[in-house]
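See structure below.
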Amino acid sequence: GNSVTQMEGPVTLSEEAFLTINCTYTATGYPSLFWYVQYPGEGLQLLLKATKADDKGSNKGFEATYRKETTSFHLEKGSVQVSDSAVYFCALVKTSYDKVIFGPGTSLSVIP
Amino acid sequence: SQTIHQWPATLVQPVGSPLSLECTVEGTSNPNLYWYRQAAGRGLQLLFYSVGIGQISSEVPQNLSASRPQDRQFILSSKKLLLSDSGFYLCAWYSKAYNSPLHFGNGTRLTVT
């Protein structure tokens, strides 16, 4: 069945460091891929998305590229801030009648 | 624009008491609706989802049930809460339009004492 795997962390970085959170997926066909962010005590917010191979989603300095050949959708940011401390979830969906499949989440802490 | 309302924000209930959490969506019709639970420091567990009125799919056998009495209303219930029901409950909706992302409510923090 469909699944999402991501590094669980916790990941601790210093401010202005480069961030990569790996995400790989298993699915047939061409799913849509998403990154969500959850700040402490809040619900999940959509961070970025990509709907076809080689698409690059971007938002708030974060980027992720849909790589069909490696079935990956790694999240990157060139310079993290303390305010980026949160839990990040990778997710996929195949069709509008399917369930959205989430990875286990990666906790990120950015220290000054 | 579409909005999702989930309440209450926090709830403390004794073991054995009933539960009712409500979620409503505005600004869209015939959405897919979801209930997730998140235990402390853990990932998301899909509890129920619904693709239409009266259509409920259960993902995990448990002490909870869900109902969808109206197109944009989704209710999570329990007749008798257990300690293990404590957690952060999230409602979400998803348009059947292609490539639509999942939109989440702000969550309900449930503590069963």
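Residue numbers begin at 1 in each chain, while the letters A, B, ... track the order of the sequences. Bear in mind the structure is a predicted one, so any value in this text is a computation, not a measurement.
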Apply ring-ring contact (aromatic ring centres under 6.0 Å, His included) to A/Tyr25 and list each qualifying residue two or more places apart in sequence or on a separate chain.
none
Side chain / backbone / both / neither for A/Leu44 at chain B, heavy atoms under 4.5 Å:
both
Shortest non-hydrogen contact between B/Arg68 and B/Asn32, atoms and distance
NH1-CA, 4.5 Å
Apart from B/Leu76 itself, what residues make up its hydrophobic cluster, given side-chain heavy atom links below 4.5 Å?
B/Ile4, B/Leu11, B/Val15, B/Leu19, B/Leu21, B/Val25, B/Leu33, B/Trp35, B/Leu47, B/Phe48, B/Ile56, B/Leu64, B/Phe74, B/Leu81, B/Leu83, B/Tyr89, B/Trp93, B/Leu110, B/Val112
With a 4.5 Å heavy-atom cut-off, do A/Thr5 and A/Pro104 have their side chains touching?
no
Expected contact set for residues 36-43 of chain A against chain B at heavy-atom separation under 4.5 Å reads A/Tyr36, A/Gln38, A/Gly41, A/Glu42, A/Gly43
So for B/Leu90, is it side chain, backbone, both, or neither that comes closer than 4.5 Å to the heavy atoms of chain A?
side chain
The side chain to side chain donor-acceptor pair (under 3.5 Å) partners of A/Thr20 (sequence neighbours excluded) come to none
Parallel, tilted or perpendicular: which describes the rings of B/Phe104 and B/Tyr36, with under 30° parallel and over 60° perpendicular?
tilted
Does a salt bridge link B/Asp85 with B/Arg37, judged by any charged N lying under 4.0 Å from a carboxylate O?
yes
